[in-house]
Amino acid sequence: MHPQIEKLLTCVELEEKEQAARYSLDQAHTLKQLKAEGLALHPVIVTRKTFGYADYPEINFKLSFPPETNMFRDGAAIECFISGEEPVKGVLISLDGKSGEFRLFAPDFPDWIEDNGVGIKLAPDTRTTSIMKQVLGNLEQQKDLFSLFERLHGSPVPAGTSPAATSGTLTFLHTNLNKSQQEAVQAICEGEDFIIVHGPPGTGKTTTLAEAICQLVKRGEKLLVSAPSNTAVDTIAKALLEKGINLLRVGNSSKADAEIFAHTPEGKLAASKTQKEIKQLKIRAEEFRRMALKYKRSFGKAEREQRNLLFKEVKSIRAEIKKLQAYNEQRLFDEADVIAGTPIGLYDAGIDKLTFQALFLDEAGQCIEPLAWCIFPMAERIILAGDHWQLPPTVLSHEAAASGFNNSILEVAVRHVRAVYLLNTQYRMRQAIAGFSSRYFYKELLQTAGHLADTGTHICFIDTAGTGMQENQGPDGISLQNEGELGLVIRVLEENKWEPRHTAFISPYSGQVAAAKEVLPAGMRISTVDSFQGQEKENIMLSLVRSNDEGDIGFLKDYRRMNVAITRAKEQLIVIGDSATIGGDKFYQAFLAYVEEKGEYRSAWEFSNEA
């Protein structure tokens with residue numbers, strides 16, 4: 001077996017073991033710890049119960065406080081639990097602020113679902129890991145695919161060997177594309193087998209991909225569109241629907257909003273004869289469930305057997321519903337020009353018999369490599385889009401990460417593919433805000449649209465060095481906080497009189513975010529940097545937290561996190577930190593020098609003198 005495939009298989013297994021250990025709720029790992037680490041939501045308040053997709057129980061819930069966790073992503077494997085009962089496996093459909101929804105893989109709702117003390121926690125995603133292992137194990141048997149694998153793990157292409165600008169005769173449907181966007185679209189339409197669209201923050205990546213997809217559909221091609229999260233799939237799906245593309249959105253449709261739902265198999269079949277048959281089957285399943293529920297928690301052997309038989313009937317009806325849906329979905333798959341879903345959503349859709357000319361994998365910088373190989377065999381050409389200088393995929397196992405498992409498919413491919421097209425003009429932020437990222441990450445190639453030239457000071461660093469505003473452990477004993485920096489945030493808000501809805505507070509540390517939620521104004525977005533990737537606000541305040549005598553900066557060392565953090569603001573970026581702690585690091589040294597050159601450098605002492 002190819003050594004790199006072996007390495008990836010080992011990493012998948014390490015990640016699986018780490019998930020099992022990290023997510024377990026036992027004597028060694030208490031509920032308090034799981035909550036502190038953002039791995040459990042407890043208690044949840046059940047607000048609605050329904051039987052949804054394929055007749056699985058679905059639960060809407062709310063929380064008494066908004067969680068700050070980017071671990072609970074849509075599609076995450078979860079377990080619903082209560083003390084003293086067997087947990088029930090399921091999947092998180094959505095989590096937005098204080099409310100969310102999950103689906104249980106069970107014949108019915110547990111008896112205890114509305115009792116006090118119900119929670120959900122992350123669980124090992126054994127389904128995804130088993131698919132990845134199977135796909136990697138079979139890679140060498142697929143000649144063309146293995147040849148691509150060897151290419152992506154072979155000799156890197158020399159720097160600066162991207163192909164010259166193409167000069168085709170495309171008539172662009174979107175008339176305001178800039179030159180770099182046009183070149184990327186042209187290259188995709190010319191049909192090279194593997195292309196990368198490198199889209200730094202604010203460069204119109206979705207607009208560019210939507211144009212290329214429309215061009216290919218116009219010429220009669222059938223396409224796949226994917227991204228590692230449902231949110232990212234929906235973003236590009238909406239852009240395509242606005243352009244009138246015949247799109248089918250597969251997977252996780254009960255989370256979809258009305259606009260997307262109409263383009264899911266369930267939405268399209270809603271008024272059909274099939275849906276009436278499914279409704280009848282669901283009524284039958286409900287009758288069996290009602291009979292089974294006569295047998296409550298305490299019953300004898302005979303009753304238990306009877307209850308199990310009734311639930312077996314429910315299971316068989318569910319299988320029948322799935323079969324009916326699959327049969328009718330096949331027609332929809334045949335008719336659609338574009339099928340969109342996450343890699344596992346597409347893998348599960350049963351579309352491997354269809355021919356697709358191209359696969360677009362958006363946010364490829366967030367996609368671990370084995371997940372990409374699950375869908376690469378489905379199309380003749382591959383287009384990756386994203387930015388490998390933003391946050392990498394989340395990997396729990398330190399050992400797997402040390403072996404490169406958190407290198408995204410984009411990071412792997414960008415070193416070995418010639419056809420890399422950089423979108424080189426950003427339309428989000430003032431020039432001074434974008435300037436440091438352009439200099440440090442994008443070799444000064446990232447330009448700013450003319451209307452965003454600086455009209456004053458747009459970037460400021462407030463230095464807490466020497467003020468005694470030191471970091472401290474949060475109440476959970478795990479994450480860090482810095483009360484002094486929060487005090488400065490309040491002073492900056494008072495000084496600038498910014499509207500909360502146009503302002504966001506972000507920090508790399510969830511402890512600081514939790515503390516900020518206690519003291520900052522309502523209506524203001526308060527988030528970790530990781531959760532804020534892909535978003536923007538007029539004004540951003542970034543609290544770096546780290547302030548200690550050792551110069552220890554922890555995971556501020558991941559400069560890609562800082563690249564995300566400093567490219568979210570459109571008008572004003574305020575960074576608060578301790579130059580004595582961060583200044584020993586070359587990246588932060590360069591950032592501080594940049595602020596002195598292009599912005600405003602203030603001492604926290606100024607604010608105490610104003611008191």
Side-chain angles (χ1 to χ4, degrees), residues 66 68 70 201-202 428-430 432-437 456-465 467 469-471 474 479-547 553 556 561-579 581-582 588 591-592 594-596 598-608 610-611:
E68 188 39 63
N70 63 314
R428 174 186 293 160
M429 58 207 118
R430 293 289 181 176
I433 298 173
F436 181 71
S437 282
T457 303
H458 297 282
I459 182 168
C460 171
F461 183 79
I462 301 173
D463 193 355
T464 66
T467 60
M469 294 180 184
Q470 291 220 311
E471 67 193 54
S479 190
L480 294 172
Q481 296 181 348
N482 190 315
E483 289 168 38
E485 289 190 10
L486 282 180
L488 288 170
V489 169
I490 292 165
R491 298 299 294 274
V492 169
L493 283 172
E494 289 167 355
E495 184 183 275
N496 290 285
K497 296 184 170 52
W498 287 332
E499 273 193 62
R501 67 196 174 98
H502 294 315
T503 306
F505 169 89
I506 59 175
S507 176
Y509 290 91
S510 57
Q512 185 75 332
V513 167
K517 284 179 176 169
E518 301 292 322
V519 295
L520 296 186
M524 189 171 151
R525 181 83 163 91
I526 300 165
S527 168
T528 58
V529 175
D530 297 46
S531 295
F532 206 66
Q533 178 156 318
Q535 298 178 58
E536 57 188 45
K537 283 281 183 191
E538 296 295 313
N539 315 304
I540 295 280
M541 283 181 288
L542 166 63
S543 167
L544 296 181
V545 175
R546 298 314 296 254
S547 176
I553 64 168
L556 291 187
R561 183 171 279 106
M562 269 301 280
N563 188 32
V564 170
I566 62 177
T567 54
R568 302 302 101 199
K570 292 156 79 172
E571 278 293 324
Q572 294 291 336
L573 171 66
I574 309 274
V575 182
I576 302 172
D578 179 351
S579 65
T581 299
I582 64 172
Y588 291 97
F591 177 71
L592 295 174
Y594 176 83
V595 175
E596 285 198 87
K598 301 284 186 184
E600 186 180 18
Y601 195 104
R602 299 176 70 178
S603 166
W605 287 113
E606 289 177 43
F607 293 88
S608 57
E610 289 167 15

J.: Just by distance, do the side chain of E471 and the backbone of S547 share a donor-acceptor pair under 3.5 Å?
T.: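 Yes; judged by distance alone, with no hydrogens or angles, the pair exists.
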J.: If we ignore hydrogens and angles and just use 3.5 Å, is the side chain of R430 paired with the main-chain N or O of H458 as donor and acceptor?
T.: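 Pair absent, no side-chain N/O of R430 close to backbone of H458.
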J.: Sequence neighbours left out, what passes side-chain hydrogen bond (donor to acceptor under 3.5 Å, both in side chains) with E538? Give chain and number order.
T.: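 side-chain hydrogen bond (donor to acceptor under 3.5 Å, both in side chains) check on E538 returns K570.
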J.: Taking K517 for its side chain and S527 for its backbone only, find out whether a donor-acceptor pair lies under 3.5 Å.
T.: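 No: the side chain of K517 does not pair with the backbone of S527.
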J.: Between the side chain of N539 and the main-chain N/O of T503, is any donor-acceptor distance below 3.5 Å?
T.: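 Such a contact is absent between N539 side chain and T503 backbone.
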J.: Using modelled atom types and a 3.5 Å cut-off, is there a donor and acceptor pairing between side-chain atoms of R546 and backbone atoms of T581?
T.: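 Checking the backbone N and O of T581 against the side chain of R546, no donor-acceptor pair under 3.5 Å is found.
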J.: Does E606 reach the main-chain N or O of S603 with its side chain, forming a donor-acceptor pair under 3.5 Å?
T.: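 Checking the backbone N and O of S603 against the side chain of E606, a donor-acceptor pair under 3.5 Å is found.
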J.: Rounded to the nearest 0.5 Å, how far does CZ of F532 lie from OG of S507?
T.: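 Going from OG on S507 over to CZ on F532, the span is 13.0 Å.
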J.: List the atom of L573, the atom of A565, and the distance in Å for their closest heavy-atom pair.
T.: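 In terms of heavy atoms, the two residues are closest at CD1-O, 4.4 Å.
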J.: Quick one about T464 and T467 (side-chain donor to acceptor, distance below 3.5 Å, no hydrogens or angles considered), yes or no?
T.: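 Not at all, the side chains of T467 and T464 share no donor-acceptor pair under 3.5 Å.
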J.: Would you confirm whether D463, through its side chain, and A465, through its main-chain N or O, come within 3.5 Å as a donor-acceptor pair?
T.: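 It does hold such a pair.
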J.: Ignoring hydrogens and angles, state whether a donor on the side chain of E600 or T457 is under 3.5 Å from an acceptor on the partner side chain.
T.: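 Short answer, no.
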